J.: 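Please find one structure pasted underneath; my questions will follow.
Model, not experiment: these values are computed from the prediction. Just so we're on the same page: letters track the sequence lines, and every chain starts at 1.
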Amino acid sequence: MSQPMSSDHDHNNSDAVPTRLYNPYQDLQVPIQNLYHLPTSPEFLFVEEARRQRRSWGENLTFYTGCTYLAGAVGGGSVGLVSGVRSFESGDTTKLRINRVLNSSGHTGRVWANRLGVIGLLYAGMESGVQALRDTDDVWNSVAAGLGTGAVYRAARGVRSAAVAGAVGGVLVGVAVAAKQGLKRYVPI
Amino acid sequence: MGTPETSRQPCPDRILDDAGGAFGMGAIGGGAYHFFKGIYNSPRGARLSGASQAIRMNAPRVGGGFAVWGGVFSTFDCALVHIRKKEDPWNSIISGAATGGFLQMRQGLGATARSAAVGGMFLALIEGAGIIVGKCMEQKQNEMAIAAGMHGLPGPEAVGSDGSSSGGSWLGGWFGKGKEAEAAGSGSETKVLESFDAPPVPSFEFK
């Protein structure tokens, strides 16, 4: 009687079944290895075109505005939640408590969200504008946009206020961009 | 069903984009409206300052209202996409109804139902308009292609994102997409030849 082909199995019936690496393409004469050797040539035919590919003004606008608006909404909402909970009086029904919380978190959330949303809108618009003017994509666009945003946001309070706010905005943006670049280079996430 | 919607971000980031886009539309549109209203309502000599005051008081509020609508709509839309595992106009319609209802929930059941009905109808109109426009464009392309001598254009597939884009394109498509190539439907547009002779018909014989 013939040995069953699975004698190997019965032999090494321990936990570690011996394996060998199997190359599914070993007998096929196809240039399949090219699949994993990606070309390092650029996607675009002309360097000038490649250098110009960046975020469109619409993407910039919707992204920054959305981020700042939602950040303001979440931040303001939580601050309002805390103050709403703190304003509970003894003898309040549940309905009244929910009402207080909704009112205060909604109000504070909306106020912060609107302010931050306007700042985000101004910043995104200015950054895209400066980028289009200078036709480059570097950190000075962002810093200029920060300066402009601060200035415009406080323009109604007077020239000095606008100048201070612009300086604050520019410095903040510079710090943020430097922090982001530092984070990308040195923090192993 | 058409090609998948590729001009909008995948779902979580879509909420950000839609809320931000809606805020921008509301703030800029509301700003323009209140600018002219402020000019109209201000005494002579103080028109511009009155207009800028009106903008500063009202534009963030209008923008915020739009942003809330857009953000909640997009959240419901993403939730439906996740649940149903596909993108089509029904998601937008149901989300519109849900948004309308959600935003009026504090006013009671009647207001909720009415607002949901209005929201759903509004979105249905927009989606319907989008589908009709998409079909018109597809028809036009079919006619162009047949006139240029091609036969059998792949019908619905050539339209691109008619259904799934309409819900978001009225929000997200209003802002420039930069270098995104205009998807002209079928990628195989024939070129009009200068000479009057027909091009050599390709034969499939093995030479």
Side-chain angles (χ1 to χ4, degrees), chain A residues 43-44 46 48-74 76-77 95 98-103 105-125 128 131-132 137 152-157, chain B residues 7-9 12-31 48-75 102-103 105-108 168-169 171-181:
Chain A
E43 281 180 26
F44 297 101
F46 301 108
E48 293 84 1
E49 192 184 357
R51 260 191 251 139
R52 288 170 165 272
Q53 296 299 326
R54 49 186 81 108
R55 268 194 293 226
S56 75
W57 66 271
E59 287 174 10
N60 216 11
L61 192 124
T62 55
F63 180 69
Y64 278 122
T65 312
C67 272
T68 54
Y69 183 86
L70 287 180
V74 167
K95 202 167 175 182
I98 294 180
N99 208 29
R100 278 193 213 274
V101 162
L102 280 179
N103 280 350
S105 74
H107 180 76
T108 318
R110 246 168 274 155
V111 165
W112 283 37
N114 287 347
R115 286 192 198 148
L116 285 187
V118 166
I119 291 179
L121 185 65
L122 289 172
Y123 175 79
S128 301
Q131 212 175 55
D137 191 5
V152 169
Y153 191 65
R154 284 281 187 246
R157 287 204 192 174
Chain B
S7 58
R8 303 173 71 197
Q9 297 270 1
D13 304 330
R14 198 181 291 188
I15 303 178
L16 272 179
D17 272 350
D18 281 351
F23 185 87
M25 277 198 289
I28 294 181
L48 270 187
S49 82
S52 81
Q53 219 175 28
I55 291 182
R56 266 181 295 119
M57 288 202 301
N58 293 308
R61 196 165 30 93
V62 174
F66 271 65
V68 163
W69 223 98
V72 173
F73 171 83
S74 196
T75 310
F102 180 75
L103 291 177
M105 258 204 305
R106 286 186 80 182
Q107 322 300 344
S169 62
L171 263 184
W174 282 32
F175 300 97
K177 298 266 183 324
K179 307 288 191 280
E180 272 244 3

J.: I'd like to verify something: which residue of A:L70, A:T68, A:L102 has the highest number of heavy-atom pairs under 4.5 Å with chain B?
T.: A:L102
J.: Under 6.0 Å from the OH atom of A:Y153, do we count more than 12 heavy atoms belonging to anything else shown?
T.: yes
J.: Specify the closest pair of heavy atoms between B:A27 and A:L121, including all atoms of both residues, with the distance to one decimal.
T.: CB-CD2, 3.7 Å
J.: What residues of residues 107-116 of chain A make heavy-atom contacts with chain B at a cutoff under 4.5 angstrom?
T.: A:N114
J.: Test side-chain contact (heavy atoms from CB on, under 4.5 Å) on B:F23 and A:L61 and set out the steps.
T.: CA-CA 10 Å; B:F23 185 87; A:L61 192 124; over 6 Å; no
J.: Based on non-hydrogen pairs under 4.5 Å, which of B:A19, B:G71, B:G64 is most in contact with chain A?
T.: B:G64
J.: Taking it one step at a time, do A:I98 and B:R106 satisfy side-chain contact (heavy atoms from CB on, under 4.5 Å)?
T.: CA-CA 11 Å; A:I98 294 180; B:R106 286 186 80 182; over 6 Å; no
J.: Against chain B, label A:F63 side chain, backbone, both or neither, depending on which of its atoms sit under 4.5 Å from a heavy atom there.
T.: both
J.: Identify which of B:I15, B:I28, B:V68, B:L16 forms the greatest number of heavy-atom pairs closer than 4.5 Å to chain A.
T.: B:L16
J.: If you tally heavy-atom pairs under 4.5 Å against chain A, which of B:S49, B:S52, B:P60 wins?
T.: B:P60
